[in-house]
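Working notes, beginning with the structure itself.
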Amino acid sequence: ELGATMTDNVDATITDLQPTKINLYDLNGKFLGNVTETGVDTTVEGRYLLYYDYVDGAGNSSKTDNGYTPYDAKRWVIVEDTTAPKITGVANNTTYFGSIDYNMSDVNGIKYIYYDFTHNYQSCEELIEAYNNGISGVGREDVKGKTDYAGNYPIPAGYAFKGVSYCAVDNGYNENKTFMNNISVYADTSADTILKAISENNGTIILPKNQNIILNQDLVINANTTIVGNGATVSGKVIIAGDNVVVKDIKLTDNLVVTGSNAVLDGVTMLNVNSAGTGKGNGYQVIKVNTNGNFTMKNSVIDNTYSKGSFYNAINISAKGKVEIENNKFINIENVYNIIEFSQSTPTATGTIIKGNEFTGMSKNNVISMFLFEDGNVITIEDNYFDFSGNALRISNYSNAKNVVINVNNNKYNDTLDGEYAGFMFFQEVKNESFAGITINVTNLIGPDDVKITSTTTGKHSFNYYYSDHNSLTKEDYATINFLD
């Protein structure tokens, strides 16, 4: 195989460079035998020239005293690193306040770091050319051999730059590169600066760690933005008006309103929210959702310890898209009517799932309330724990939807109620509707005293009851209930 060239990553396995039998033939095509190929260290970058010679039975060799002859088979093998160097702690399209965590050490395969804090370059080549041309503000750091080029970099006082660029270049033959840009840095961590930055920047915004941010006006998030709170506390009303907004790891002490599509709340704690009310329903929702798209809330907490008086809904949801409420904790919810209430004018969308949540405290009445469906909807209520509820689930069917399936899987509830209003769920007729188009599939429902709920358990271990505002329900209007275990 004359002049063959191979490339591969350092440390990768090159199958046909392992000791291999190579067939040899003379110039007339006669088979002479074979040799075993060795000699390439795939853990070290380099160019390897392999020669193959053969000694026949008479002791004649293709190798002469003067070296190899043109009749030897030879092969070039190039072992090269094709993996780009890594910059960790800093990310594209991200805004930082106060400081930046970074790791640009040689252990990440980096030889040089090119950077500019004042101009947003569009490629490594453009940034390197600017450095070579001596453009002001462009720098280069030699990190070859440095294993500790990492840490927390305090942004110098007065810095407020939109558009920081980095280029990391490795030590290999190919000089692989990693490029980052659209990075914004602000030394000032005041609420005014943060509000301004959120209004001006898309991408990801990293708030100062554990910062207390007191708003003097509503924080309106209009852009396609991910806000990483870093444990920060924001005091003041937050409105998510933009689409595809993600809010993570943050504490909010005032009401949250969501009007944008596809919002995601992940690790949001609603604490000390002043949902004041002097009597039934006089307060307002902790979270109000009114969106044409999807809505997701996960790994979050609503702690209603400090509410004054009773009020409707920890979350009120009007969403034309799928709703996912997963792995949240609703704590101390004694004063809340209908903790999660879906719209009475917008149907709950198919695919909606309420899963893995904990509801602790004695709710005023229902935990989950749904009023409207569309034909063929499938809803899942799964793996939840209801510490106490005057009925965990309340269902109405204002639109008389058909072929609606609600799967109730692996839930557990406690309820001290007994008698005619006892049960995990109830159906409430409000608008002379029927429930005949609804099927409830039940699997592994555990009730008070760890009793497994079945079609025959009664009293506080009953599964459901019906309540009619107009005394119009007959058995023909009842839902189909299947216990599947």
Side-chain angles (χ1 to χ4, degrees), residues 280 304 310 312-314 325 329-342 354-371 373 379-397 404-430 432-485:
K280 180 177 178 180
N304 192 51
S310 58
Y312 275 116
N313 316 145
I325 308 291
K329 293 183 178 181
F330 298 81
I331 302 171
N332 300 312
I333 48 179
E334 282 82 355
N335 294 321
V336 185
Y337 289 85
N338 301 344
I339 294 168
I340 300 176
E341 180 173 306
F342 287 81
I354 301 175
K355 179 178 180 179
N357 303 286
E358 294 182 20
F359 301 89
T360 61
M362 187 179 295
S363 58
K364 286 288 186 180
N365 59 350
N366 320 308
V367 176
I368 303 167
S369 294
M370 297 180 176
F371 302 90
F373 305 96
I379 311 294
T380 300
I381 299 172
E382 183 172 273
D383 297 331
N384 301 289
Y385 174 68
F386 304 89
D387 182 45
F388 174 89
S389 61
N391 311 124
L393 178 61
R394 171 259 178 92
I395 297 293
S396 294
N397 188 21
V404 175
V405 176
I406 301 176
N407 295 310
V408 178
N409 304 322
N410 302 314
N411 296 281
K412 184 175 181 179
Y413 75 102
N414 293 317
D415 197 340
T416 57
L417 291 178
D418 208 338
E420 61 177 328
Y421 298 127
F424 175 78
M425 68 172 294
F426 79 104
F427 299 88
Q428 182 171 0
E429 175 274 312
V430 178
N432 292 307
E433 70 263 33
S434 171
F435 300 97
I438 296 177
T439 297
I440 310 291
N441 293 322
V442 186
T443 303
N444 191 36
L445 176 61
I446 306 299
D449 308 316
D450 291 330
V451 172
K452 187 170 184 177
I453 306 303
T454 68
S455 60
T456 60
T457 50
T458 59
K460 64 181 180 180
H461 300 120
S462 299
F463 176 69
N464 72 282
Y465 66 92
Y466 289 86
Y467 183 91
S468 177
D469 287 4
H470 301 94
N471 297 317
S472 61
L473 288 178
T474 67
K475 288 188 176 181
E476 286 73 23
D477 296 312
Y478 285 4
T480 299
I481 299 176
N482 301 316
F483 285 85
L484 303 180
D485 59 348

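Just so you know, these numbers use all the heavy atoms, side chains as well, and skip hydrogens, waters and symmetry mates.
The salt bridge (charged side-chain N to carboxylate O under 4.0 Å, His left out) test applied to Lys329 returns no partner, not counting sequence neighbours. Checked against salt bridge (charged side-chain N to carboxylate O under 4.0 Å, His left out), Glu429 has no partners two or more places apart in sequence or in another chain.
Considering every non-hydrogen atom in both Ile381 and Asn411, the closest pair reads O-ND2, 2.9 Å. Smallest separation of non-hydrogen atoms from Asp383 and Lys355: OD2-CE, 3.4 Å. Residues Ala436 and Ser434 come closest through the heavy atom pair N-OG, 3.1 Å. The two residues Asn441 and Asn409 make their nearest non-hydrogen contact at O-OD1, 4.3 Å.
Few gaps surround OH on Tyr465; more than 12 heavy atoms of other groups in view lie less than 6.0 Å from it.
Side-chain N or O atoms of Asp485 include one that pairs as donor or acceptor with a backbone N or O of Asn444 at under 3.5 Å.
Using a 30° and 60° split on the angle between ring planes, Tyr466 and Phe427 fall in the parallel class, below 30°. Using the six-membered ring where Trp is involved, Phe386 and Phe424 have ring planes that are perpendicular, over 60° apart on the 30 and 60° scheme.
Using a 4.5 Å cut-off on side-chain heavy atoms (C-beta onward), Val404 and Met370 make no contact. Counting only heavy atoms from C-beta outward, the side chains of Pro448 and Tyr413 approach each other to under 4.5 Å. Side-chain contact between Val430 and Phe371 is absent, with no heavy-atom pair separated by less than 4.5 Å. Side-chain contact between Lys460 and Asp449: present, with at least one pair of heavy atoms (C-beta onward) separated by less than 4.5 Å. Looking at Ile395 and Met425, their side chains come closer than 4.5 Å, going by heavy atoms from C-beta outward.
The CG atom of Asn414 lies 4.0 Å from the OH atom of Tyr385; values are rounded to the nearest 0.5 Å. How far CG of Leu484 is from CD1 of Ile440: 11.5 Å, rounded to the nearest 0.5 Å.
A donor-acceptor contact closer than 3.5 angstrom is absent between the side chains of Asp387 and Thr360. Side-chain atoms of Asn313 and Asn338 include no donor-acceptor pair closer than 3.5 Å.
Side-chain rings of Phe426 and Tyr421 stay apart, their centers remaining 6.0 Å or farther from each other.
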